[in-house]
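All remarks here apply to the structure that follows.
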Amino acid sequence: MSIRMVIADDQASVREALATMLDLIEDITVVATAADGQSAVAEVTTAMKDDHLDVVLMDLRMPGTDGIEATRILKGRFPDLPVVVLTTFSDERSILDALGAGARGYLTKDAGRLEIAAALRAAAAGQAVLNPEVQARLLRAVEKPRTLEIPAGLTPREVEVLRAVAAGLSNREIAQQMFVSEATVKTHINHLFAKAQLRDRAQAVHFAFTHGLAQPSR
């Protein structure tokens with residue numbers, strides 16, 4: 001099944017190159033491109049009315065409505081539509097702002113065609129996508145002093161699972177680390193997602209870091 005997508009980037013050369021490059025991949029179809037966040041929202045809204053859309057590839061720094069605000073607007077209108085950020089910026093603030101706005105993935109522009117395509121497929125399938133550089137940035141960020149905030153209702157076991165998710169571990173790896181079954185891990189994740197009102201693992205990463213619950217990997 002073809003993945004239908006919209007690309008938003010203010011640089012025409014980048015936007016056109018991405019569209020051409022990704023459209024050549026058999027299971028990806030670029031239905032529209034946009035030069036800013038406002039246009040991205042309009043193109044996505046049109047595409048969602050006419051047919052369906054599987055994912056949006058969003059730049060961050062754009063004139064007028066930027067990628068953060070556009071992502072926030074799109075997630076408000078289409079909560080289940082995944083947005084993957086593709087940007088030159090990999091600082092902690094940009095990453096956390098994007099994840100907080102609802103982005104399901106975050107890639108830097110040195111990502112290759114196959115990496116971008118894989119991220120789009122993963123996001124369309126409901127998975128969170130953070131490339132290694134972004135993950136490393138988030139892990140380094142937790143070394144800064146911050147106040148520990150355990151949200152009311154979250155159990156110590158759920159905090160442990162949340163920390164593992166923020167460290168990039170899969171359900172199987174978490175199960176092995178905690179000496180429990182994958183089914184038990186899934187149950188903990190479902191509970192903490194419900195309590196913290198999280199939609200996916202990308203939001204869980206943002207939640208963990210902003211509440212000082214994440215730990216760097218050892």
Side-chain angles (χ1 to χ4, degrees), residues 2-23 25 28-49 51-131 133-135 137-138 198-206:
S2 179
I3 295 174
R4 293 168 54 82
M5 64 172 298
V6 167
I7 296 172
D9 196 295
D10 65 323
Q11 296 183 3
S13 59
V14 173
R15 186 172 65 249
E16 292 167 5
L18 283 170
T20 300
M21 176 181 70
L22 293 172
D23 227 5
I25 299 175
I28 294 178
T29 300
V30 178
V31 301
T33 62
D36 54 49
Q38 183 177 357
S39 298
V41 171
E43 292 290 355
V44 168
T45 301
T46 298
M48 293 292 279
K49 286 180 180 178
D51 194 355
H52 78 279
L53 203 62
D54 298 295
V55 64
V56 179
L57 190 63
M58 182 79 71
D59 189 18
L60 281 190
R61 303 291 192 268
M62 295 184 288
T65 303
D66 64 13
I68 299 292
E69 183 59 24
T71 298
R72 188 174 289 112
I73 293 171
L74 288 175
K75 296 304 291 186
R77 294 185 184 179
F78 313 107
D80 296 330
L81 178 65
V83 176
V84 175
V85 169
L86 180 66
T87 180
T88 57
F89 300 92
S90 60
D91 59 284
E92 176 190 350
R93 185 72 270 152
S94 294
I95 297 168
L96 292 176
D97 284 349
L99 296 180
R104 186 171 291 172
Y106 198 109
L107 303 175
T108 53
K109 284 187 175 177
D110 57 357
R113 179 177 71 123
L114 296 181
E115 184 179 355
I116 295 172
L120 294 172
R121 294 187 191 104
Q127 302 169 23
V129 183
L130 300 175
N131 71 2
E133 179 183 353
V134 171
Q135 184 72 28
R137 285 274 186 178
L138 288 177
L198 305 172
R199 287 190 296 267
D200 51 45
R201 293 174 91 94
Q203 282 203 337
V205 171
H206 176 266

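All residue numbers refer to positions in the sequence shown, counting from 1.
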Applying side chain to side chain contact (heavy atoms under 4.5 Å, CB included), name anything that partners Ala123, two or more places apart in sequence or on another chain. Val55, Pro82, Val84, Arg104
Would you compute the distance between atom CG of Asp97 and atom CG of Leu60 and round it to the nearest 0.5 angstrom? 8.5 Å
For Ile68 and Ser94, the nearest pair of non-hydrogen atoms, with its separation, is CD1-O, 4.3 Å
With rounding to the nearest 0.5 Å, note down the distance linking CD in Glu115 to CG in Leu107. 6.0 Å
Answer yes when Asp59 and Arg15 have at least one side-chain N-carboxylate O distance shorter than 4.0 Å, and no when they do not. no
Close side-chain approach of Arg77 to Val44, heavy-atom, < 4.5 Å: no
In Å and rounded to the nearest 0.5 Å, what is the OG1 to CG distance from Thr33 to Asp9? 10.0 Å
Thr88 versus Arg61, side-chain donor and acceptor atoms under 3.5 Å: no
For Ala103 versus Leu99, what's the shortest heavy-atom pair and its separation? O-CD2, 3.6 Å
Is any side-chain heavy atom of Val14 closer than 4.5 Å to a side-chain heavy atom of Leu86? no
Rounded distance [0.5 Å steps], CZ in Arg113 versus CG in Leu22: 8.5 Å
More than 12 heavy atoms of other groups within 6.0 Å of Gln38 CD: no
Which heavy atom in Glu43 sits nearest to a heavy atom in Val6, and how many Å separate them? CB-CG1, 4.4 Å
Val31 versus Ala47, closest heavy-atom pair with distance: CG2-CB, 4.3 Å
Between Asp54 and Ala124, is there a donor-acceptor pair closer than 3.5 Å when you use the side chain of the first and the backbone of the second? no
Between Val41 and Thr65, is any pair of side-chain heavy atoms under 4.5 Å apart? no
Starting at CE of Met58, measure out to CE of Met5 and round the result to the nearest 0.5 Å. 10.5 Å
Just by distance, no angles: are the side chains of Ser90 and Thr108 close enough, under 3.5 Å, to form a donor-acceptor pair? no
Looking only at non-hydrogen atoms, find the nearest pair between Ala204 and Leu198 and report the distance. CA-CD1, 3.7 Å
Any side-chain heavy atom of Thr71 within less than 4.5 Å of one from Leu74? no
Quick check: closest heavy atoms across Asp80 and Lys75, and the distance to 0.1 Å? C-NZ, 4.3 Å
Pairwise distance CG(Leu18) to CG(Asp23) - rounded to 0.5 angstrom: 11.5 Å
Asp36: side-chain hydrogen bond (donor to acceptor under 3.5 Å, both in side chains) partners, not counting sequence neighbours: Ser39
